Each structure stands twice: as C-alpha cells, then as structure tokens.
Number of protein chains: 2
Amino acid sequence: MSLPHAILTALLEKPSSGLELTRRFDKSIGFFWSATHQQIYRELGRLEQSGLIRSLPQPPSRGQRKEYEVLPAGRAALVEWVAQPQDPKAIREPLLLRLRAAATVGGRGLAEELERHLELHERQLAEYLEIERNDFPLEHAAEENRLQHRVLSAGIGLEQFWVEWLRETLAVLRPGV
Amino acid sequence: MSLPHAILTALLEKPSSGLELTRRFDKSIGFFWSATHQQIYRELGRLEQSGLIRSLPQPPSRGQRKEYEVLPAGRAALVEWVAQPQDPKAIREPLLLRLRAAATVGGRGLAEELERHLELHERQLAEYLEIERNDFPLEHAAEENRLQHRVLSAGIGLEQFWVEWLRETLAVLRPGV
DNA sequence: ATTTACATGTAAGGGGTTACATGATTTG
DNA sequence: CAAATCATGTAACCCCTTACATGTAAAT
C-alpha cells in the first residue's frame with residue numbers, strides 16, 4: 001500500500017498530471033520508490049474514485065493532459081498512513097542469491113557481473129552526492145529540509161555500502177575463481 | 001524469476017520436502033530471499049512439471065510428506081541463471097517514503113516508529129553476528145565457505161547501516177519534533 | 001477420543017512488469 | 001502532411017500476501 005501514498009505525497013508537494021508524476025518518480029521520489037507510468041495512471045484512477053484526489057476541470061479526452069490535486073480526505077489518509085506502524089520488509093536481493101548458488105554450482109563469469117554492479121552503484125552514489133551538494137550545501141535548520149536530507153543520506157549510505165561490499169567481494173573472488 | 005532458483009539451490013544442498021524448504025527459507029536462505037509455504041508449494045509444482053526437479057517415489061496422498069530432488073536439467077538451469085547478467089532492482093523502502101511524507105504533512109509519532117525499527121534491526125544484526133561466530137569462527141581457505149561468508153557479510157553490513165542511520169535520524173528528529 | 005503438530009494445498013486480491021494501443025500536439 | 005513527441009490508457013502475465021481448507025501422525 002505504498003504507491004498511493006507516494007503519489008499523494010508527490011501531489012501535495014505539487015499538483016501534477018500523470019506524466020509529470022512519472023518523471024518525478026524517475027528522479028527524486030523514485031530513488032526509494034520507483035513506479036512506471038502504467039502503475040501511476042492506474043493508481044490515479046483509483047485515488048480519484050476513492051475521493052482522495054480530484055482532477056482539475058479540463059477536457060477529459062484521451063490524449064489530453066489531466067492534472068490532479070489532493071483533497072482533504074487524501075491528506076488525512078496520508079497523515080494516518082505515516083503514523084501507522086509497519087515492519088521493515090525482508091531483504092530480497094537476487095545478487096546475494098546468485099552468490100549463494102555460485103557457492104554450490106560454481107560461479108564462472110560472476111566476477112564480471114560483480115564489477116558491472118560495482119560500476120552501477122558507483123554511478124548512483126556519484127549522482128546522490130551531486131544532489132547533496134546542490135540541494136543541501138550547508139546545514140540549514142529547517143525541520144523539513146533536515147528530514148529530506150536524512151532520506152538522501154539513506155540512499156548515499158546504502159550505495160556506499162554496496163560499493164564497499166562489492167570491492168571486498170571481488171578481492172575475495174579474484175585470486176580464487 | 002529468483003524464487004525457483006532459490007529453491008533449486010536449496011534442493012541441491014539437500015533434497016527436501018515443501019515444509020522443510022519453508023523452514024530453511026525462514027532461516028538461512030530467507031535472510032536474503034524470503035518465501036512463504038504457499039509460494040514454495042506452487043513453485044515446486046511448476047519445477048516438477050518443467051522437468052527440473054522430481055519427487056522421490058512416495059505415496060502422493062494429501063497430508064503426506066513429499067520429498068524432491070534436483071534433476072540434471074535443473075542444475076543446468078541454475079548454472080545458466082547464475083551466469084546471466086541482471087541489473088540491481090530499484091530500492092523500495094516504505095520507511096523512507098514515510099519520512100518524506102512526514103516532511104510534508106508532519107510526523108507525529110514517527111520517532112517511536114523509528115525506535116521500533118532500530119530495535120528490530122539491532123536484533124537482526126545480533127542474530128547475524130551470532131551466526132558468523134558459529135559458522136565462520138576463523139578464516140578457512142575453502143572457496144565455498146568464503147562465498148557464503150561474503151553473503152552473510154552483506155546481511156551484517158546492511159543491518160549495521162540501518163542501525164547507524166536510524167540512530168542518526170533519531171538524533172535529528174528528537175530535539176525538533 | 002480429542003487435541004496438537006505436521007504437511008500439503010486452494011482461493012482471492014493486490015502490486016509490479018512488459019508490451020501494446022490511441023489520441024493530441026508540435027516540428028520539419 | 002509526415003514524423004516525432006507528448007500524454008493517457010489497456011491487457012496479460014507473474015509474483016507475493018493473506019486467509020482458509022484438508023488430510024495425516026503423534027501425544028495425552
């Protein structure tokens with residue numbers, strides 16, 4: 001049940017059309033919750049039917065841009081969701097699974113794959129650090145900014161972890177296999 | 001397409017029944033790929049139909065234990081899967097989403113939730129460290145063991161990251177909200 | 001004999017992924 | 001006017017989650 005609330009948050013920050021939302025999910029929000037345009041359109045329809053958002057008066061024809069805004073009920077639903085306890089979800093990391101399988105059946109070519117992942121994570125880390133430089137140049141005191149900075153820090157920390165772990169794992173793998 | 005390969009790996013390590021697999025997924029394998037018994041039974045059926053595993057000759061009545069083993073075709077499929085490149089999946093972390101939503105609509109009670117998560121991650125970390133002490137007491141040279149140790153290290157590192165991040169975030173949140 | 005644990009399964013619903021379809025607007 | 005781009009949507013498929021159903025074996 002996270003996607004509808006991700007959309008509500010995005011719409012509260014700024015009323016948008018489906019495609020605009022898709023683009024924002026490709027950037028900032030998508031860093032910790034990704035979604036395709038198909039998911040977003042489906043969810044926008046549901047949210048409108050539930051009375052949590054409404055489309056601004058505009059021609060509802062097919063190829064026409066349709067902008068949505070959050071209704072009070074939507075804001076209330078989001079507030080409630082934020083306060084609700086939710087357990088962290090179990091890890092589902094295919095790469096670790098493949099490493100474990102490789103321990104059993106042998107891992108020819110696995111080092112190349114790990115290097116590829118290392119590059120991807122290095123690139124993502126660089127992107128996050130760039131954002132941090134741009135958006136949080138110095139520690140301002142505003143509460144809102146501090147929370148957003150913590151979210152970005154999580155992304156940075158996770159990427160740093162993977163970069164480090166992949167480097168160590170490659171060091172273990174290289175001389176052996 | 002990870003679950004069938006997780007099951008193949010588990011069955012290669014030791015032929016098992018559905019319930020036995022479920023228990024092993026609750027322990028070691030489940031640390032990075034969780035699965036419920038419903039998923040496992042369904043997947044076992046598919047794998048058998050595809051000719052990748054077979055059930056050992058036994059009464060196929062309903063409440064009766066049914067043991068499976070991997071066929072050569074299954075092992076081959078696993079080897080191929082291990083070698084195949086797969087991009088890391090995008091992060092989907094509801095807690096970060098909630099933090100971002102809290103930055104917009106306010107986060108009453110969020111500190112308690114973060115503390116709860118902190119405890120959960122501390123407990124998980126302790127469990128991983130316990131396993132490390134038991135299963136990898138000193139660095140043996142066996143390649144197989146080293147890979148499995150790297151997998152466990154990933155779990156430990158991720159939990160350490162979350163513990164640290166949650167503590168810092170609580171420090172930011174506490175005086176403010 | 002009843003309860004408890006073991007063991008395998010079914011059903012319904014939600015969410016995500018991929019491929020495809022269609023209309024409107026801009027640009028050459 | 002043809003092509004590219006913007007924009008909204010449909011359809012099919014797979015996976016995961018939750019709740020429930022059913023049968024067997026062991027314990028009291």
Side-chain angles (χ1 to χ4, degrees), chain A residues 1-8 10-11 15-26 29-30 32-50 52-68 81 86-94 97, chain B residues 1-8 10-11 15-26 29-30 32-50 53-56 58-68 81 86-94 97:
Chain A
M1 293 287 286
S2 287
L3 179 56
H5 301 99
I7 292 178
L8 285 174
L11 285 182
S16 308
S17 67
L19 194 61
E20 273 176 352
L21 281 177
T22 302
R23 289 198 180 118
R24 291 169 63 192
F25 269 80
D26 280 342
I29 300 174
F32 49 90
W33 202 271
S34 69
T36 62
H37 80 273
Q38 291 89 339
Q39 287 175 266
I40 288 171
Y41 283 124
R42 192 200 308 164
E43 207 57 49
L44 282 172
R46 286 181 192 159
L47 285 168
E48 189 176 21
Q49 250 191 331
S50 311
L52 301 188
I53 64 176
R54 67 162 185 179
S55 55
L56 299 181
Q58 242 148 154
S61 76
R62 194 177 166 94
Q64 283 295 55
R65 184 190 158 80
K66 203 156 81 181
E67 192 144 280
Y68 293 91
W81 179 76
Q86 278 178 257
D87 281 351
K89 286 208 297 182
I91 299 175
R92 277 231 178 81
E93 181 52 60
L97 201 56
Chain B
M1 291 286 289
S2 288
L3 179 56
H5 301 99
I7 291 178
L8 286 173
L11 285 181
S16 308
S17 68
L19 194 59
E20 273 176 353
L21 281 177
T22 303
R23 289 196 181 121
R24 291 168 63 192
F25 269 80
D26 280 343
I29 300 175
F32 49 91
W33 200 273
S34 69
T36 62
H37 79 274
Q38 292 90 340
Q39 286 175 268
I40 288 171
Y41 283 123
R42 190 200 311 156
E43 207 59 48
L44 283 172
R46 284 183 195 160
L47 285 168
E48 187 175 23
Q49 249 191 332
S50 312
I53 64 175
R54 67 161 184 180
S55 56
L56 298 181
Q58 241 148 158
S61 76
R62 194 179 167 92
Q64 284 295 52
R65 184 189 158 79
K66 203 157 81 179
E67 192 145 281
Y68 293 91
W81 179 77
Q86 277 177 256
D87 282 351
K89 287 208 296 182
I91 300 175
R92 279 233 176 76
E93 182 50 62
L97 201 56

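Values in this document were obtained by computation on a predicted structure and should not be read as measured data. Chain letters run A, B, ... following the sequence lines, proteins first and then strands; every chain starts at 1. Reckoned from all heavy atoms, side chains included, excluding hydrogens, waters and symmetry mates.
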In whole Å, I'd like the distance from the [atom1] atom of [X] to the [atom2] atom of [N].
| X | N | atom1 | atom2 | answer |
| --- | --- | --- | --- | --- |
| A:D26 | D:dC6 | CG | C1' | 15 Å |
| B:H5 | D:dC15 | NE2 | C1' | 15 Å |
| B:L21 | C:dA7 | CG | P | 12 Å |
| B:M1 | C:dT18 | CE | C1' | 14 Å |
| B:K66 | D:dG23 | NZ | P | 16 Å |

Minimum-distance nucleotide to [X] side chain [options: [options]]:
| X | options | value |
| --- | --- | --- |
| A:L19 | C:dG9, C:dA7, D:dC6 | D:dC6 |
| A:R23 | D:dA7, C:dC6, C:dG9 | D:dA7 |
| B:R92 | C:dA7, C:dG16, D:dC15 | C:dG16 |

**Message:** Quick check: do B:I7 and B:I29 have side-chain heavy atoms less than 4.5 Å from each other?
**Reply:** no
**Request:** Flag the pair A:W81 / A:Q86 as yes when at least one side-chain heavy-atom distance between them is below 4.5 Å, and no otherwise.
**Result:** yes
**Asked** Is B:R46 near enough to D:dC15 that one of its side-chain N or O atoms lies under 4.0 angstrom from OP1 or OP2?
**Response** yes
**Message:** Looking at D:dT17, I'd like to know if its phosphate oxygens (OP1 or OP2) sit under 4.0 Å from a side-chain N or O belonging to A:K89.
**Reply:** no
**Request:** Just call it for B:S17: base, sugar-phosphate, or nothing, with non-hydrogen atoms closer than 4.0 Å on any strand.
**Result:** sugar-phosphate
**Prompt:** In chain order, what residues pass the salt bridge (charged side-chain N to carboxylate O under 4.0 Å, His left out) check against B:R24, with sequence neighbours excluded?
**Reply:** B:E13
**Item:** Partners passing salt bridge (charged side-chain N to carboxylate O under 4.0 Å, His left out) against B:R54 (at least two apart in sequence or in another chain)
**Value:** B:E69
**Message:** Short of 4.0 Å, heavy atom to strand atom, which residues of residues 32-43 of chain B count as contacting DNA chain D?
**Reply:** B:W33, B:T36, B:Q38, B:Q39, B:R42
